[in-house]
Student: 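One structure follows; several queries about it will come next.
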Amino acid sequence: MLYIGVDLGTSAVKLLLMDEKGRIQNVVSKEYPLFFPHPGWSEQNPQDWFTETMAGLKELLKDADKSQVAGLSFGGQMHGLVILDEKDEVIRPAILWNDGRTYEECDYLNNVIGKEKLSAYTANISFTGFTAPKLLWVKNKEPENFARIKKIMLPKDYLAYMLTGIHCTDVSDASGMLLFDVKNRCWSKEMCDICSVQEEQLAKIYESYECVGCLKPEIAKELGVPETVKVAAGAGDNAAAAVGTGTVGDGRCNISLGTSGTVFIASKNFGVDKYNALHSFAHADGTYHLMGCMLSAASCNKWWMDDIIGTKDYGKEQENIEKLGENHVYFLPYLMGERSPHNNPNARGTFVGMTMDTSRADMTQAVLEGVAFALRDSLEVAKSLGIHIERTKICGGGAKSPLWRRIIANVLNLKVDILESEEGPAMGGAMLAAVACGEYASVEDAAEKLVKVVDTVEPEPELAAKYEERYAQFKEIYPALKPVFELIK
């Protein structure tokens, strides 16, 4: 049988076709535009997602035995706000995860309603990217649109609706809305009241691996697949990527070096750190996870390479980096502000420590190390909760760099496992579809059978000790500069 994973990203939808043994048959990617109508705003047209997904599915299945397609599921960009009217038509462009317009609403939620109440209701506090403050923004700034809302959806769930006709969401993606009671895996009545939302305006909640229904007959006919194709609820992109890397089961860890960066820790038990520095979300395997999310990770290196020094040859730039653990230049990777653990949209990217003998390689090294140090900030919060981690998987575009993997292993002092095949949320989506169809007994069963580690980067004691000293210095820089960031915002 064949299973489809759909990864609805910020710049493109990636579609993956997998057989029951986990062998990848085809991968297709389709781009769509991103709109910035005002500084700090970020929007997309949900119809573009559906149009490109349908085009991508046709290309994906072009040479496949379509009669063997059994299931489909999703990974998707989280937190985006899609609102539908009574005819299930999109009211306004989707407001995305990286949109920063909601600082007033976040201030209201965190400081008027109060962080303690938010954490009690949802296990999280408000961040500008979350969905609830976006709803309040629409209520405050576009009341005529707010009055028309019949359904509130997340990006991947809009795709699921267009394919099945069913309004659904899953526990992992819903966890990032600030409307969801993570501990009890249900909508929070208190948060609905605070945001003037009726529960019937929200989608029905499923576990990520549960079947929500089948393809609409007309969709199945257009794609040339059976009407019996099951659609599973899917997961938010980080939870789906964690499934795809086998980060399921208590204490497993995955680091993602994508546009944003994450430290993702699976846990069988629900937990919240006292400062809400990490997100506490439901996991796609039926348990929970903690996640530290930095807004700029591999995108910092892309910015430095493409826009500042003007090269696309990333590997060549890294060839000149030799003295790891001895760099006196530091880089704060806060080009988009920062989420975990600082929750400060006013934080900025900063180089510190340059002298007349600082080289181009030193600066490049500082960028790679700065991202690693910022990931360690989140790992330290997890450690404070008594979570003991010895190894991690790694995924994302930045993970293709052997040098960066080595830096990560030594800065975090963790064994870093390299996977045979790393296809991120699309692979996770296909695995969730296979579980929904009964191909595997559980998400953990699928991960155990399909995910293969082919190499491990071990920390080097001497280098890890050097980085321990460097990290102690790095973590003093942000507190010292925080007042300056408030002045220059």
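Worth saying up front: this structure is predicted, and the values here are computed from it rather than measured. Below, all heavy atoms of this structure are taken into account, side chains as well, without hydrogens, waters or symmetry copies.
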Student: Quick one: pull up CD1 in Ile394 and OG1 in Thr247 and give me the separation to the nearest 0.5 Å.
Tutor: 11.0 Å
Student: Can you name the nearest heavy-atom pair linking Asn254 to Cys395, along with the distance?
Tutor: ND2-SG, 3.4 Å
Student: Between Val248 and Ala447, which heavy-atom pair has the shortest distance, and what is it?
Tutor: CG2-CB, 3.6 Å
Student: Is the backbone N or O of Thr128 less than 3.5 Å from a side-chain atom of Thr102, with the two atoms forming a donor-acceptor pair by type?
Tutor: yes
Student: Strictly below 4.0 Å, N to O, side chains only: are Lys312 and Asp306 in salt-bridge contact?
Tutor: yes
Student: Over all heavy atoms of both residues, which pair between Val329 and Gly353 is shortest? Give the atoms and the distance, please.
Tutor: CG2-O, 4.1 Å
Student: Between Leu290 and Gly271, what is the shortest heavy-atom contact and its length?
Tutor: CD2-O, 3.5 Å
Student: Crowded around Glu144 CD? As in, over 12 foreign heavy atoms under 6.0 Å?
Tutor: yes
Student: So, using side-chain contact (heavy atoms from CB on, under 4.5 Å) as the criterion, who are the partners of Asp48 when residues are at least two apart?
Tutor: Tyr32, Pro33, Phe35, Asn45
Student: Would you indicate whether Tyr103, at its atom OH, is surrounded by more than 12 heavy atoms from other residues, nucleotides or ligands within a distance under 6.0 Å?
Tutor: no
Student: Output the distance between atom OG1 (Thr131) and atom CZ (Phe180), rounded to the nearest 0.5 Å.
Tutor: 12.5 Å
Student: Any sub-3.5 Å donor-acceptor pair from Asn140's side-chain atoms to Leu136's backbone N or O?
Tutor: yes
Student: Counting N and O atoms only, with roles assigned by atom type, does the side chain of Trp404 sit under 3.5 Å from a partner on the main chain of Ala372, one being a donor and the other an acceptor?
Tutor: no
Student: Measure from NZ or CZ of Arg185 to the centre of the six-membered ring of Tyr288, then state whether that distance is under 6.0 Å and the direction lies within 45° of the axis.
Tutor: yes
Student: Considering non-hydrogen atoms only, spot the tightest contact between Pro155 and Gly80 and give its length.
Tutor: CD-O, 3.4 Å
Student: Under a 4.0 Å N-O cut-off, is there an ion pair linking Lys141 with Glu105?
Tutor: yes
Student: Using a 3.5 Å distance criterion without hydrogens, assess whether the side chain of Glu422 forms a donor-acceptor pair with backbone atoms of Gly396.
Tutor: yes
Student: With a 4.0 Å cut-off, would you call Arg92 and Glu43 a salt bridge?
Tutor: yes
Student: Using a strict 4.0 Å threshold on nitrogen-to-oxygen distance, state whether Lys117 and Glu190 make a salt bridge.
Tutor: no
Student: Between atom OG of Ser296 and atom CD of Glu338, what is the distance when rounded to the nearest 0.5 Å?
Tutor: 7.0 Å
Student: side-chain contact (heavy atoms from CB on, under 4.5 Å), that's the test. Do Met153 and Leu84 meet it? Break it down for me.
Tutor: CA-CA 8 Å; Met153 307 201 77; Leu84 308 182; 3.7 Å; yes
Student: Please check if the number of heavy atoms outside Lys302 that lie under 6.0 Å from its NZ is greater than 12.
Tutor: no
Student: Between the side chains of Glu369 and Gln365, does any donor sit under 3.5 Å from an acceptor?
Tutor: yes
Student: When rounded to the nearest 0.5 angstrom, what is the spacing between CG in Leu412 and SG in Cys253?
Tutor: 8.0 Å
Student: Thinking salt bridges, do Lys383 and Glu380 make one under a 4.0 Å N-O criterion?
Tutor: yes
Student: If you take all heavy atoms of His79 and Phe130, which pair is closest and at what distance?
Tutor: CE1-CE1, 3.4 Å
Student: In a check of side chain to side chain contact (heavy atoms under 4.5 Å, CB included) between Thr350 and each of Tyr334, Tyr330, Phe485, which one passes?
Tutor: Phe485
Student: Less than 3.5 Å apart, any donor N or O on the side chain of Ser196 or Lys139 sitting next to an acceptor on the other?
Tutor: yes
Student: Hey, are Thr311 and Asp313 close enough side-chain-wise for a donor-acceptor pair under 3.5 Å?
Tutor: no
Student: Drop me the distance from Asp157's CG to Ile152's CD1, to the nearest 0.5 angstrom.
Tutor: 12.5 Å
Student: Hey, does the side chain of Asn410 reach the backbone of Asn413 with a donor-acceptor pair shorter than 3.5 angstrom?
Tutor: no
Student: Parallel, tilted or perpendicular: which fits the ring planes of His279 and Phe281, with parallel below 30° and perpendicular above 60°?
Tutor: parallel
Student: What distance do Ile125 atom CD1 and Asn110 atom CG have between them, rounded to the nearest 0.5 Å?
Tutor: 5.0 Å
Student: Let me see the working for Ser267 and Asn269 under side chain to side chain donor-acceptor pair (under 3.5 Å), right down to the final yes or no.
Tutor: CA-CA 5 Å; Ser267 174; Asn269 299 316; 5.1 Å; no
Student: Taking Arg470 for its side chain and Gly325 for its backbone only, find out whether a donor-acceptor pair lies under 3.5 Å.
Tutor: yes
Student: Are any of the side-chain heavy atoms of Trp49 and Val13 separated by less than 4.5 Å?
Tutor: no
Student: How about Met291 and Val263: do any of their side-chain heavy atoms sit closer than 4.5 Å?
Tutor: no
Student: Within the structure provided, determine whether Trp137 and Glu142 are in side-chain contact (heavy-atom separation under 4.5 Å).
Tutor: yes
Student: Do Leu96 and Gln77 touch side chain to side chain, with heavy atoms closer than 4.5 Å?
Tutor: yes
Student: Please check if the side chain of Asp273 supplies one atom and the backbone of Ala277 the other of a donor-acceptor pair under 3.5 Å.
Tutor: yes
Student: Going by an N to O cut-off under 4.0 Å, is there a salt bridge joining Glu31 and Lys14?
Tutor: no
Student: Can I get a per-line list of side-chain donor-acceptor pairs under 3.5 Å for residues 474-482, giving both atom names and the distance, sequence neighbours left out?
Tutor:
from   : atom 1 : to     : atom 2 : distance (Å)
Tyr478 : OH     : Asn344 : ND2    : 2.9

Student: Ignoring hydrogens and geometry beyond distance, is a side-chain donor-acceptor pair present between Asp357 and Thr355 at under 3.5 Å?
Tutor: yes
Student: Is there a side-chain contact between Leu118 and Leu109 (heavy atoms, below 4.5 Å)?
Tutor: yes
Student: Under 4.5 Å between any side-chain heavy atoms of Met177 and Leu154, yes or no?
Tutor: yes
Student: Quick one: do Asp170 and Lys156 satisfy salt bridge (Lys or Arg N to Asp or Glu O under 4.0 Å)? Show the steps, please.
Tutor: CA-CA 10 Å; Asp170 84 285; Lys156 76 169 191 345; 2.8 Å; yes
Student: Decide yes or no on side-chain contact (heavy atoms from CB on, under 4.5 Å) for Ile255 and Ile408, but give the supporting numbers first.
Tutor: CA-CA 9 Å; Ile255 288 171; Ile408 295 279; 4.0 Å; yes
Student: Do side-chain atoms of Thr245 reach the backbone of Ala242 as a donor and acceptor pair under 3.5 angstrom?
Tutor: yes
Student: Sub-3.5 Å donor-acceptor pair from the side chain of Gln44 to the main-chain atoms of Thr10, do we have one?
Tutor: yes
Student: Carefully, step by step, assess Lys134 and Asp99 under the rule salt bridge (Lys or Arg N to Asp or Glu O under 4.0 Å).
Tutor: CA-CA 9 Å; Lys134 294 183 176 82; Asp99 186 287; over 6 Å; no
Student: Check for me whether the distance between the ring centres of Trp304 and Tyr314 falls short of 6.0 Å.
Tutor: no
Student: So, the side chain of Thr262 versus the backbone of Gly292: is there a donor-acceptor pair under 3.5 Å, distance only?
Tutor: no
